[in-house]
Every structure is written in structure tokens, then in C-alpha cells.
Amino acid sequence: MSRKVTEIPQTKRDGPTEVQRLRVAAYCRVSTRHEEQRHSLEAQIAHYTNFIKRNSNWEFAAVYSDIASGLYAANRPGYQQLTRDCTNKKVDLILVKSLSRFGRDALETIRQVRKLKRMNIGIYIETGGLSTLNISDSMIDQLAALDQAESHFRSENIKFGIRHRMRSGKTVLNHTQFLGYTKGPDGVLQVVPEEAEIVRKIFELYIQGNGVRRIKRYLEQCGIKTVTGKTEWSTSTIDRMLSNEKYIGEVRMQKTFTADFLTGRREKNIGQLDSYLVENAHAPIIERETFRWYSR
């Protein structure tokens with residue numbers, strides 16, 4: 001029997017075919033609200049926005065960003081939104097400078113990267129020019145471990161710089177929620193007169209024999225608000241104020257320290273590390289003798 005050949009006509013004509021455009025996002029993160037880092041974040045967002053939109057094969061999804069430490073995902077709303085959008089299949093590819101932007105903990109980063117990989121969502125790592133869809137899981141593990149080590153090294157360098165400034169007497173202070181003071185243009189604490197009166201009243205009440213609970217009731221009954229504008233006072237806040245050496249113009253630095261790099265757990269420094277006392281650091285609100293009543 002002879003072979004029979006039947007020609008099947010083509011159903012598609014030659015010509016350009018529609019290319020499925022990738023929905024591309026980027027994730028940026030800086031750890032503090034310092035002006036230089038805020039400007040850096042703005043520059044990163046602009047860079048990734050323009051970079052994605054210039055590629056004709058990409059569809060701009062979003063640039064997600066956070067100003068937060070890489071310790072906890074719960075403190076990073078931008079990162080949380082990114083993961084939700086990935087789960088809802090709104091993103092095909094994520095651009096990041098390095099895997100450390102995803103978090104400080106290598107194990108958590110690996111878990112998240114593998115989860116995205118199972119959903120066929122790639123992460124393009126700008127430093128190195130690698131895509132997680134094109135490399136093995138073992139390579140991802142190594143990259144995450146290296147990024148964690150780099151973050152740890154960078155953290156230690158920052159600590160070294162801070163301690164060097166401490167030794168030279170340059171104070172490092174958080175003044176945004178500090179009743180009685182504000183930060184002057186030269187970086188030195190300046191007295192806020194109306195707040196200083198509240199501080200003096202608290203010490204006066206304590207010297208008269210009032211405990212922190214009675215002081216709390218007095219402040220609330222008189223309608224005196226906290227530094228954050230709340231009408232309810234915390235006894236622990238009052239207790240910390242009574243033991244805060246800054247009210248006599250002194251600053252003791254490194255009273256606490258970060259004991260665990262990965263969790264950010266802080267401990268009270270009771271001799272594990274050097275501490276530094278700077279006297280006459282700024283104008284006092286309370287006399288030394290008055291302050292010593294608390295430690296008696």
C-alpha cells in the first residue's frame with residue numbers, strides 16, 4: 001500500500017506576534033529617616049521607575065519602598081504589600097539592588113525567595129546581574145548568606161563609628177520625644193521653657209513624697225499632656241524621667257546595646273561594654289541635688 005500525504009493548510013499568517021509583557025516591580029529600603037538616606041530612597045524610586053518604563057517589553061507594576069530596619073517584615077508595609085501583590089499574581093519580576101533589601105535574616109530571605117520562585121516570580125539582583133529563576137537554590141542560599149554577612153559587617157562598622165564619636169564626647173541623642181528639650185541648629189539640646197516647667201513640677205512632686213502613681217494622677221487631673229500630646233500618662237514614663245541624667249545637663253551614652261544582630265534584641269549595659277559620661281553637655285533643667293533624690 002502506497003503512503004498517502006495530506007497537506008494541512010496553515011491557519012496563522014506570517015507577521016509580528018504579540019509578546020506577553022512582564023509586569024515588573026522594584027523594592028527599595030533604607031533603614032533610617034536621616035535626610036541623606038531619605039534622599040537616597042527618593043533617588044532609588046526614581047531610578048527604578050524610569051528603568052522599568054524604558055523597557056518596551058515590561059509593564060510598570062509599582063515601586064515598593066520602606067524606611068525601616070530589615071529585622072521585621074511587620075514593620076515594613078511596602079514589603080508586605082509587595083508580597084500580597086505577588087500572591088495575587090500582579091507581579092512577574094521584582095528588581096532589587098541586593099537580597100539584603102528583603103531582610104537581614106538569610107533564612108527568612110531564602111524562604112521568601114523560594115516561595116516566589118514556586119509562583120514563577122523572579123527576583124533580579126542588580127548587584128551581580130542575577131535572576132533567581134535562572135540560578136539554583138544552592139546559589140540563592142549562598143547569596144543570601146553573603147548578604148547577611150555583609151549586613152553584619154556594615155552594622156559593626158556603623159557601631160564602631162558611633163563609639164568613636166562617643167569617645168570624643170559627641171553625643172548621639174533622640175530628641176523627638178524628649179519632654180523639656182528640643183534640638184538646636186548646632187545639634188545641642190535646647191530647653192523648651194513651657195515643657196521644662198512640667199519637668200520641674202514632676203521632680204518637685206517626687207521630692208515632696210509623691211510616688212509615680214500619685215504624680216500620674218496629678219498630671220492628668222491638671223490636664224497636663226505628655227510630650228506626644230496624650231492626656232494619659234504612663235508611670236514608666238515618669239519613672240524614666242526621674243532617672244534621666246540629661247535633665248542635669250549630662251549624657252551617659254551606651255546605656256543599652258544590641259545584643260543580637262538578627263533579632264535586634266537590646267540589653268542593658270551593666271559592664272559588658274564601655275559607657276561614656278559627658279558632663280556639661282547642654283543646659284540643665286534640674287539641679288544636681290534635686291536629681292540625686294531619686295537615687296537615694
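No experiment lies behind these values; they were computed from the predicted model shown.
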Legend entry - Expected output: side-chain Asn210 to main-chain Leu205 donor-acceptor under 3.5 Å: yes
Inset, instruction - Could you tell me whether the side chain of Asp239 and the main chain of Thr235 form a donor-acceptor pair under 3.5 Å? - result: no
Legend entry - NE2-CD distance between His282 and Glu250, expressed to the nearest 0.5 angstrom: 9.0 Å
Inset, instruction - Can you see which heavy atom on Glu232 is nearest to which on Thr226, and at what distance? - result: O-CG2, 3.6 Å
Inset, instruction - Under the side-chain hydrogen bond (donor to acceptor under 3.5 Å, both in side chains) rule, what do Tyr247 and Glu287 come out as? Steps first, then yes or no, please. - result: CA-CA 8 Å; Tyr247 287 125; Glu287 297 293 330; over 6 Å; no
Legend entry - Separation of Arg114 CZ from Leu116 CG (nearest 0.5 Å): 12.5 Å
Legend entry - Nearest heavy atoms of Val91 and Leu93, plus distance in Å: CG1-O, 3.5 Å
Legend entry - Check: Asn88 side chain, Arg84 main-chain N or O, donor-acceptor pair, under 3.5 Å: yes
Inset, instruction - Would you indicate whether the side-chain heavy atoms of Arg76 and Tyr27 approach each other to under 4.5 Å? - result: yes
Legend entry - Side-chain heavy atoms of Val96 within contact of Tyr124, under 4.5 Å: no
Inset, instruction - Decide yes or no for Met241 and Val199: does some side-chain heavy atom of the first lie under 4.5 Å from some side-chain heavy atom of the second? - result: yes
Inset, instruction - Please name the pair of heavy atoms, one in Val30 and one in Ser40, separated by the smallest distance, quoted to 0.1 Å. - result: CG1-OG, 4.4 Å
Legend entry - Spacing of Arg214 atom CZ and Leu219 atom CG [to the nearest 0.5 Å]: 13.0 Å
Inset, instruction - Output yes when a side-chain donor or acceptor of Asp92 lies under 3.5 Å from a complementary backbone atom of Arg23, and no otherwise. - result: yes
Legend entry - Rounded distance (nearest 0.5 Å) linking atom OH of Tyr64 with atom SG of Cys86: 6.5 Å
Inset, instruction - For the residue pair Leu242 and Val212, establish whether any side-chain heavy-atom pair is separated by less than 4.5 Å. - result: yes
Legend entry - Trp233 vs Ile238 side-chain heavy atoms within contact, under 4.5 Å: yes
Legend entry - Least distance between heavy atoms, Asp66 atom then Gly78 atom: OD1-N, 2.7 Å
Legend entry - Check: Ala283 main-chain N/O paired with Tyr181 side-chain donor or acceptor under 3.5 Å: yes
Legend entry - Heavy-atom side-chain contact between His47 and Glu126 under 4.5 Å: yes
Inset, instruction - Search all heavy atoms of Leu41 against all heavy atoms of Arg29 and return the closest pair with its distance. - result: CD1-N, 4.2 Å
Legend entry - Expected output: side-chain Asn244 to main-chain Lys246 donor-acceptor under 3.5 Å: yes
Legend entry - Check: Ile286 main-chain N/O paired with Thr290 side-chain donor or acceptor under 3.5 Å: no
Legend entry - From Ile202 atom CD1 to Glu204 atom CD, the distance as rounded to the nearest 0.5 Å: 11.0 Å
Legend entry - Side chain to side chain, Glu59 and Val24, heavy atoms closer than 4.5 Å: no
Legend entry - Glu289 side, atom CD; Ile207 side, atom CD1 - distance, nearest 0.5 Å: 8.5 Å
Legend entry - Closest heavy-atom pair and its distance - Ile45, Ser65: CD1-OG, 3.7 Å
Legend entry - Phe51, CZ atom: more than 12 neighbouring heavy atoms under 6.0 Å: no
Inset, instruction - Answer whether the closest heavy-atom distance between the side chains of Gln208 and Phe203 falls below 4.5 Å. - result: no
Listing, residues 188-198 side-chain donor-acceptor contacts under 3.5 Å, not counting sequence neighbours, or none:
from, atom 1, to, atom 2, distance (Å)
Glu195, OE1, Gly180, N, 2.8
Glu197, OE2, Arg200, NH1, 2.7

Legend entry - Expected output: side-chain Arg21 to main-chain Trp58 donor-acceptor under 3.5 Å: yes
